[in-house]
Every structure is written in structure tokens, then in C-alpha cells.
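Along the sequence shown, the residues carry numbers beginning at 1.
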Amino acid sequence: MASYFTDLAQQYIDGEWRPGSGSWDIIDFNPYSGEKLASITTATVDEVDQAYRAAARAQKDWAAANPYARRAVLEKALRLVEEREQEITEVIIAELGGTHLKAGFELHLAKEFLRESVHLALRPEGRILPSPVDGKENRVYRVPVGVVGVISPFNFPFLLSLKSVAPALALGNGVVLKPHQDTPIAGGTLIAKLFEDAGLPAGLLNVVVTDIAEIGDAFLEHPVPKVISFTGSDKVGRHVATVCASHFKRSVLELGGNSALVVLDDADLDYAVDAAVFSRYVHQGQVCMAANRVLVDRSVAEEFSEKFAAKVRSLKVGDPSDPQTVIGPVINSIQANALSNVVEQALAEGATALVRGSINGNLVEPSVLTGLPAGSSLLRQEVFGPVAFIVPFDGDEEAVRIVNDTPYGLSGAVHTADIERGVAFAQRIDTGMFHVNDGTVHDEPIVPFGGEKHSGVGRLNGETTVDAFTTVKWISVQHGRSRFPF
């Protein structure tokens with residue numbers, strides 16, 4: 001694993017590994033031990049330009065290549081991920097504090113999305129449409145957009161980079177990837193190495209490790225990329241969308257959430273507890289789909305809360321390299337301090353702590369809070385960490401109102417013995433995704449993934465990925481002769 005942090009701590013531009021020439025270094029730390037893993041000099045505006053220009057040059061031949069040849073590269077990349085699974089797991093544990101369970105979850109999904117990308121290479125289809133003009137044939141071609149800029153987050157960096165990079169390449173595009181500063185290897189240069197070893201032509205995929213303090217909006221404003229795929233917070237997403245719109249670019253935005261897991265009065269409580277604990281605490285709660293709020297019908301709230309709190313107390317907190325650990329560190333001290341403030345604010349507003357975890361460095365033990373006032377801002381915002389709010393409600397109508405009382409609309413779940421009652425409930429929730437008798441954290445390669453309201457614009461996965469990274473072009477052919485009025 002050490003070689004990954006030594007060899008891959010560089011920029012990858014136009015098929016070359018090289019240092020950046022920026023004015024400062026990004027230091028990559030292990031969030032659990034504080035160990036320095038790597039130091040990467042930032043990429044400059046000029047290097048971002050070089051990356052985009054390289055992608056644009058290489059993309060022409062790539063788009064013209066036989067799609068079966070593109071598919072072969074994706075197949076090789078998938079085989080390499082399978083062969084290097086242990087090393088990638090170690091990178092995820094060291095760089096972002098992911099547990100073995102979390103790393104396995106991320107790698108499983110990454111392989112599934114790579115398998116789907118293999119098929120995407122052959123997916124685009126043209127159409128021939130009728131015309132009201134005699135002798136005319138209308139051909140509609142599905143073509144790559146050209147170059148896609150990808151900005152990925154720190155929480156699932158390997159998966160969420162691949163989720164845009166792989167299909168964009170499969171569909172004939174070039175790509176420039178900017179990983180999060182806290183995960184430059186797992187979310188960036190590791191992926192470049194995989195595709196380089198898989199035989200991807202030089203220049204098609206570029207990775208620039210940098211920060212807005214160095215490049216400003218150059219990554220977004222550059223004239224080459226036609227689509228920007230961004231995964232991150234709604235605050236940054238709003239800025240990305242604004243800049244893209246002002247430069248006539250398309251943006252695909254996968255943003256934050258404030259999901260609710262709802263337990264109705266007829267639910268299987270033991271099963272609902274298991275689903276809710278996983279949905280809130282997987283990867284320390286640093287998941288956009290995590291169940292920030294656990295809503296429970298008042299008739300079963302006391303029993304559910306006791307079981308939920310007991311299970312949370314049993315979760316092992318500590319070193320993510322220990323296979324028994326369930327909750328490792330959050331990504332950095334900024335996140336840890338923010339979570340401490342959330343708990344303090346909730347208690348100051350009158351909440352009761354059923355479980356109150358301590359904070360030791362970046363290790364944030366889980367907390368379970370209830371009795372938060374209905375008007376609290378904490379119930380409407382995203383909390384990115386292991387803090388759960390249990391909210392009792394009286395009947396389905398009130399539950400629907402509470403679930404929808406947030407600017408976000410990404411995921412959610414409802415538990416009930418009556419499946420159709422659950423589906424009817426789900427249909428009333430303003431989200432892009434909702435699950436009956438399951439957790440809130442799900443992603444599948446062919447099902448549209450995305451949110452409503454502040455949780456994003458656009459969808460990815462399956463056919464929606466084809467829509468995101470291609471465009472349509474109309475070419476008409478007049479087999480006869482048109483008549484012109486003059």
C-alpha cells in the first residue's frame with residue numbers, strides 16, 4: 001500500500017505522471033492516526049488547461065474507435081480492480097478512515113458500476129424518424145459530449161469518481177477528474193493508474209489535484225468541458241450550477257441530503273432498528289443518503305428507542321484497520337468539531353441524549369438524541385456524522401409533513417407490515433428515491449440515482465447516465481428534391 005501513496009502522489013496529465021507547479025502542497029493525512037501519507041504540490045490554472053486540452057485531443061480518436069475496443073479497456077479495468085482489491089481496501093482504510101465493512105461496501109458497488117460501464121459502451125443507439133417533407137430522412141445520432149469534468153467527494157471517493165469517470169469514458173468522452181483534497185489517491189490518482197494499466201490511450205483521463213485557492217473557478221469555466229459532474233454539498237453545488245449555466249455548460253449535481261427513515265405503527269421493530277442503525281451510522285454517518293432523522297409512530301416510539309439506543313451502544317468505535325470496528329474516524333477535525341457543535345446545540349434546545357458519545361481527535365462516538373423541538377434548524381439540515389435524531393409522530397399524515405419539512409430530497413425509507421401502505425407513503429415524499437422496508441442507503445447501476453430540491457439536479461446510472469454524458473444530433477437527408485418558396 002505504501003507504494004500507492006509514494007508513486008501516485010502526483011498529477012496525471014496527458015499520460016504523464018508529474019509534480020504540480022502550484023504555490024503550496026496538499027498534505028494527505030490518515031484521519032485516524034494523523035500519519036502523513038503523501039504530499040502533492042497543487043496543479044495550477046495552466047496545468048488544468050493542459051489537462052483539458054489533452055482530453056480534447058485524445059477524445060476525437062476515442063469517440064471514433066470501435067465501441068467494442070472501448071469496452072475491452074473497461075473490462076480490463078474491472079479485472080484490475082478485482083486483482084488489486086486488497087491494496088485498494090488498504091488505501092480506503094488509511095486515507096479516509098473507512099472500516100473494512102465500508103471498504104467492502106464501496107468496492108462491491110464500484111465493481112458493479114464498472115460492469116455496467118462495460119455495457120454502456122454499446123448502449124447508445126441512433127434513430128430514424130419520419131418527416132412531413134417528401135423524400136426526407138431524419139437521422140438522430142447519439143454522440144459523446146466531448147470532455148467531461150468530474151469533481152468527486154471524500155466520503156466514497158473511489159466509487160463516486162468511478163461512477164462518472166467510467167461511463168463517460170465508455171461513451172466516448174475524455175475526462176478530467178479533480179478529487180477532493182482529503183482523498184487525492186483513492187478518489188483520483190489510483191483511478192488514473194488503473195485505467196493507465198488497463199490500456200486507456202494517453203490523454204483521455206487526466207487527474208488534477210488542486211484547490212480553488214490555487215485555481216479559482218478555472219476547472220468550471222474552462223471552454224473545453226461540456227458537462228461538469230459534481231458530487232458534494234448543496235452550497236458548493238449551487239456555485240457549480242451557477243458558473244456552469246453562465247458558461248452554457250450542462251451540470252449533473254449529486255448533492256447532500258437529510259433523509260428520514262420512518263417507522264409506522266405496524267412495523268417489525270427489530271428489523272426497523274437494524275435498518276435504521278445501518279442507515280445512520282454506516283461510514284460514520286458520512287453518507288449523503290444517511291438517515292439523519294428516524295421518525296417513529298408515537299405508539300411504538302418508546303420500545304423502538306430503547307432497542308435503537310441499545311444497538312448503537314454495542315457498535316465498536318476505533319481503529320478502522322481492525323475488522324471488528326464499525327465506526328472509525330470522521331475525515332478531519334473540522335467535521336469532528338462541527339458534530340460536537342450539533343450535539344451541544346441540540347441539548348441546549350432541550351433535546352435528551354439517549355446515547356451521548358465522546359469525541360477523541362477525529363473519533364466521534366455515536367450519539368442518539370430525542371425531544372428536539374419541532375422548529376429546530378437541526379431537523380432541516382444535513383448532519384454529516386454519527387448523530388441520530390429520533391422524532392415521534394402521530395399518524396401517517398404528520399409523518400409525511402415532517403419528512404417533507406426540509407430543503408433536501410434525496411433518499412428515505414418507510415417500515416410497515418403493509419407494503420402498499422408503504423408505497424402510498426413513499427409516493428407522497430418529495431425525494432428522488434425512497435425505499436419500503438429497507439434502509440436509506442442504496443445505489444444500483446441501472447436505477448436512476450439523484451435527488452429533488454437542494455439534493456441535486458439530474459440523474460446518473462443506466463440510461464440516465466447515457467443522457468448525462470452524450471448529446472443528440474439531427475442529420476437530415478433529402479433523397480428527392482425540396483421545394484423552396486423563392
Using 30° and 60° as the class boundaries, would you call the ring planes of F434 and F425 parallel, tilted or perpendicular?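 The rings of F434 and F425 sit tilted, inter-plane angle from 30° to 60°.
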Plane angle bin for Y271 and H415 - parallel if under 30°, tilted between 30 and 60°, otherwise perpendicular: tilted
Show your working on salt bridge (charged side-chain N to carboxylate O under 4.0 Å, His left out) between R84 and E87 and close with a plain yes or no. CA-CA 5 Å; R84 300 173 185 177; E87 293 94 331; over 6 Å; no
List the residues meeting ring-ring contact (aromatic ring centres under 6.0 Å, His included) with W17, not counting sequence neighbours, and say none if there are none. Y12
Could you walk me through whether T210 and K178 pass the side chain to side chain contact (heavy atoms under 4.5 Å, CB included) check? CA-CA 7 Å; T210 190; K178 190 185 92 63; 3.9 Å; yes
Could you tell me whether the side chains of N138 and S476 share a donor-acceptor contact shorter than 3.5 Å? no
Does R53 pair with D49 as a salt bridge, N-O distance under 4.0 Å? yes
May I ask you to check whether H283 and F156 place their ring centers less than 6.0 Å from one another? yes
CZ (F113) and NE2 (H108) are apart, to the nearest 0.5 Å, by 9.5 Å
CG (L78) and NZ (K111) are apart, to the nearest 0.5 Å, by 8.0 Å
Who are the salt bridge (charged side-chain N to carboxylate O under 4.0 Å, His left out) partners of E106, not counting sequence neighbours?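 If we apply the salt bridge (charged side-chain N to carboxylate O under 4.0 Å, His left out) test to E106, skipping adjacent residues, the hits are K102.
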Salt bridge (charged side-chain N to carboxylate O under 4.0 Å, His left out) filter on E452, not counting sequence neighbours, yields R459
Quick one: side chains of residues 182-195, donor-acceptor pairs under 3.5 Å with protein atoms, not counting sequence neighbours, listed by atom name and distance.
| from | atom 1 | to | atom 2 | distance (Å) |
| --- | --- | --- | --- | --- |
| D182 | OD2 | N332 | ND2 | 3.1 |
| T189 | OG1 | L8 | O | 2.8 |
| K193 | NZ | D197 | OD1 | 3.3 |

Taking only residues at least two apart or on different chains, which pairs with a member in residues 215-243 satisfy ring pair (Phe, Tyr, Trp, His ring centres under 6.0 Å)? Y52-F219, Y52-H222
Under the side chain to side chain donor-acceptor pair (under 3.5 Å) rule, what pairs show up with a residue in residues 55-81, not counting sequence neighbours? D14-R57
Quick one: does NZ or CZ of K311 land under 6.0 Å from the six-membered ring centre of Y281, within 45 degrees of the ring axis? no
T431 side chain reached by L410 side chain, heavy atoms, under 4.5 Å: no
